[in-house]
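Okay, so here's the structure we're looking at.
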Amino acid sequence: MTASTLRPQNNKKLRHFLDLKDLSAAELRAILDLAADVKLCQHNRRYPLHPKQPLAGRTLGLILAQPSTRTRVSFEVGMEQLGGAVSVLSPSDMQLGRGETIADTARVLSRFLDIIVLRTGNDDDLRELAKWSSVPVINGLTPVSHPIQILADVLTFEEHRGPISGRTLAWVGDGNNVATSLIEAAALLNFTLRLATPEGFDPSESAIKWARQQGALIETMRDPLQAVKGADAVITDTWVSMSDTDAERRHMLFKPYHVDKALMSHAAPNAIFMHCLPAHIGEEVSQEIFEGPHSVVFDEAENRLHSQKGLLLWCLGQE
Ligand code: CP
Ligand code: NVA
């Protein structure tokens, strides 16, 4: 095999993973199917965990401009389980932190790496990296979207409650990056999404417009009770995301969006509670719900590993 066959060619369309809306429904389903396959392989305790070690000789660059536990560890472990290697990078340790451009960084890293994940506080930086990279780029979270989280969330929902198509999910709290990716998933996977957010923290208008153009059923409201009524899943997230600077105001305005037993009792009796983590107990969710029978938050966290392994295989054409 020549070196050129190991890397995506510049003239081929790169399989970046920047936002769910860039994928077709079939592509998203293909990633989820790969995720389910690699999970089964791992749970059957077959060693090596993926017998063909499909990413042997490949290296992932994981650039983290913001903190991470799940994203970092799941990509590190997942890449290793698929036979590949990882280089974890922080902009402050790179020449990027001293003003080297993203365009030059992307072109240099593309000569070393086979795939790049970027977590950044500036969504434009992700787009710029993808523009200049000649290897696939994965969005590891920006203030605008968090699509890798939603891969895990869909996998988790379907494991607990069956096919997501036609079901109703309720988002309670901030109309943030995770909510945006969930809106895009609703369009691709045909589920109803109700979002209850306080005034001033509405979900992305452009994401909703795009999703509705695809025929998605997206309902926005202020009242969390109306959102969760009969829902198959109740989902929330922190009131203060990593890029937010108005924590005090948020803590006041989000109080009515606290998910507790009283709110959860309006969802379907077998509804699941999901949260991307990290959680703030007593703020967006009560201890009783977080630790209770509805909660699938640690399955959801585990599924970050499996879904990202599926994603890595798909981005690198190893499906
Ligand atoms: N949910 C999530 O992305 O977690 P980390 O910030 O720990 O990566
Ligand atoms: N909305 C959160 C998600 C953390 C995984 C944030 O952006 O900080």
Side-chain angles (χ1 to χ4, degrees), residues 2-24 27-28 31 55 57-68 70-72 74-76 78-79 82 84-151 176-178 180-181 184 204 206-207 210 241-245 308 311-318:
T2 63
S4 63
T5 62
L6 290 174
R7 292 174 190 279
Q9 303 298 295
N10 286 334
N11 60 358
K12 278 209 298 194
K13 192 177 178 295
L14 288 173
R15 283 184 170 179
H16 293 313
F17 184 78
L18 304 184
D19 278 310
L20 292 176
K21 69 172 162 29
D22 304 333
L23 302 181
S24 66
E27 287 172 325
L28 175 54
I31 295 168
L55 300 188
R58 310 276 185 120
T59 304
L60 163 74
L62 181 53
I63 310 175
L64 298 172
Q66 288 187 328
S68 168
R70 281 143 289 268
T71 303
R72 176 178 178 156
S74 54
F75 272 118
E76 284 188 293
M79 197 66 191
L82 294 170
V86 180
S87 176
V88 181
L89 302 158
S90 159
S92 58
D93 296 335
M94 299 165 74
Q95 295 291 5
L96 202 50
R98 294 182 57 249
E100 186 167 20
T101 64
I102 292 176
D104 290 355
T105 304
R107 283 177 290 180
V108 170
L109 291 182
S110 297
R111 302 290 180 109
F112 302 140
L113 300 168
D114 299 279
I115 186 161
I116 301 172
V117 176
L118 174 64
R119 169 168 287 196
T120 172
N122 182 346
D123 191 73
D124 291 342
D125 288 355
L126 176 76
R127 315 286 152 186
E128 180 75 355
L129 183 76
K131 179 175 159 190
W132 288 98
S133 174
S134 54
V135 299
V137 171
I138 293 175
N139 177 353
L141 180 149
T142 78
V144 173
S145 58
H146 194 11
I148 47 175
Q149 179 63 51
I150 300 306
L151 295 180
N176 66 12
N177 45 2
V178 180
T180 295
S181 294
E184 295 180 3
S204 160
S206 59
W210 174 84
S241 283
M242 289 183 279
S243 298
D244 293 329
T245 51
Q308 285 158 207
L311 177 63
L312 288 166
L313 292 172
W314 181 81
C315 288
L316 291 168
Q318 295 295 317

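Remember, predicted model here, so these are calculated numbers, not experimental data.
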Counterpart residues, side-chain hydrogen bond (donor to acceptor under 3.5 Å, both in side chains), relative to Ser68 (two or more places apart)
none
Looking at Ala65 and Thr120, what are the two nearest heavy atoms and their distance?
CB-CA, 4.1 Å
Considering residues at least two apart in sequence or located in another chain, which fulfil the side-chain hydrogen bond (donor to acceptor under 3.5 Å, both in side chains) criterion with Ser74?
Gln308
If a pair satisfies salt bridge (charged side-chain N to carboxylate O under 4.0 Å, His left out) and one of its residues is in residues 85-108, list it, with sequence neighbours excluded.
Asp104-Arg107
For Thr59, all residues meeting side-chain hydrogen bond (donor to acceptor under 3.5 Å, both in side chains), sequence neighbours excluded:
none
Tell me, please, which residues at least two apart from Arg15 pass salt bridge (Lys or Arg N to Asp or Glu O under 4.0 Å).
Glu319
Set of side chain to side chain contact (heavy atoms under 4.5 Å, CB included) partners for Val88, sequence neighbours left out
Leu62, Leu64, Arg72, Glu76, Val86
Does the side chain to side chain contact (heavy atoms under 4.5 Å, CB included) test come out yes or no for His16 and Arg127, once each step is laid out?
CA-CA 10 Å; His16 293 313; Arg127 315 286 152 186; over 6 Å; no
Could you measure the distance from the CD atom of Glu184 to the OG atom of Ser204? Nearest 0.5 Å is fine.
7.5 Å
Distance from Asp114 atom CG to Met79 atom CE, nearest 0.5 Å?
6.5 Å
Is the shortest heavy-atom distance from the side chain of Ser133 to the side chain of Leu109 under 4.5 Å?
no
Assess the residue pair Phe17 and Leu23 against the criterion (side chain to side chain contact (heavy atoms under 4.5 Å, CB included)); give the C-alpha distance rounded to whole Å, side-chain angles, the decisive distance to 0.1 Å, and a yes or no.
CA-CA 8 Å; Phe17 184 78; Leu23 302 181; 3.7 Å; yes
Side-chain polar contacts of residues 135-143 - donor-acceptor pairs under 3.5 angstrom, sequence neighbours left out - could you list them?
| unit_1 | atom_1 | unit_2 | atom_2 | d |
| --- | --- | --- | --- | --- |
| Asn139 | OD1 | Leu141 | N | 2.8 |
| Asn139 | ND2 | Leu18 | O | 2.9 |
| Asn139 | ND2 | Ser145 | OG | 3.0 |
| Thr142 | OG1 | Asp123 | OD1 | 2.7 |
| Thr142 | OG1 | Val144 | N | 2.9 |
| Thr142 | OG1 | Ser145 | N | 3.3 |

When you compare the side chain of Ile148 with that of Phe75, does any pair of heavy atoms fall below 4.5 Å?
yes
Is it true that Asp124 and Lys131 have a side-chain N and a carboxylate O under 4.0 angstrom from each other?
no
Hey, what do you get for CG (Leu316) to CD1 (Ile115), rounding to the nearest 0.5 Å?
4.0 Å
What's the separation between atom CD1 in Ile63 and atom CG in Leu126, rounded to the nearest 0.5 Å?
10.0 Å
Salt bridge (Lys or Arg N to Asp or Glu O under 4.0 Å) with Asp244: which residues, sequence neighbours excluded?
Arg250
When you look at Leu55 and Leu313, which way does the side chain to side chain contact (heavy atoms under 4.5 Å, CB included) test go after all the steps?
CA-CA 8 Å; Leu55 300 188; Leu313 292 172; 4.2 Å; yes
Tightest non-hydrogen contact, residues Leu113 and Gly61, listed as CD1-CA, 3.6 Å
Distance-only, no hydrogens or angles: does the Glu128 side chain make a donor-acceptor pair with backbone N or O of Ile102 under 3.5 Å?
no
Rounded distance [0.5 Å steps], CE in Met242 versus CG in Asn176:
10.5 Å
Could you tell me which residues satisfy side-chain hydrogen bond (donor to acceptor under 3.5 Å, both in side chains) with Ser90, sequence neighbours excluded, listed by chain and number?
Ser92
d(Leu14 CG, Cys315 SG) to nearest 0.5 Å is 10.0 Å
Under the rule for side chain to side chain contact (heavy atoms under 4.5 Å, CB included), what residues qualify as partners of Ser24, not counting sequence neighbours?
Ala26, Glu27
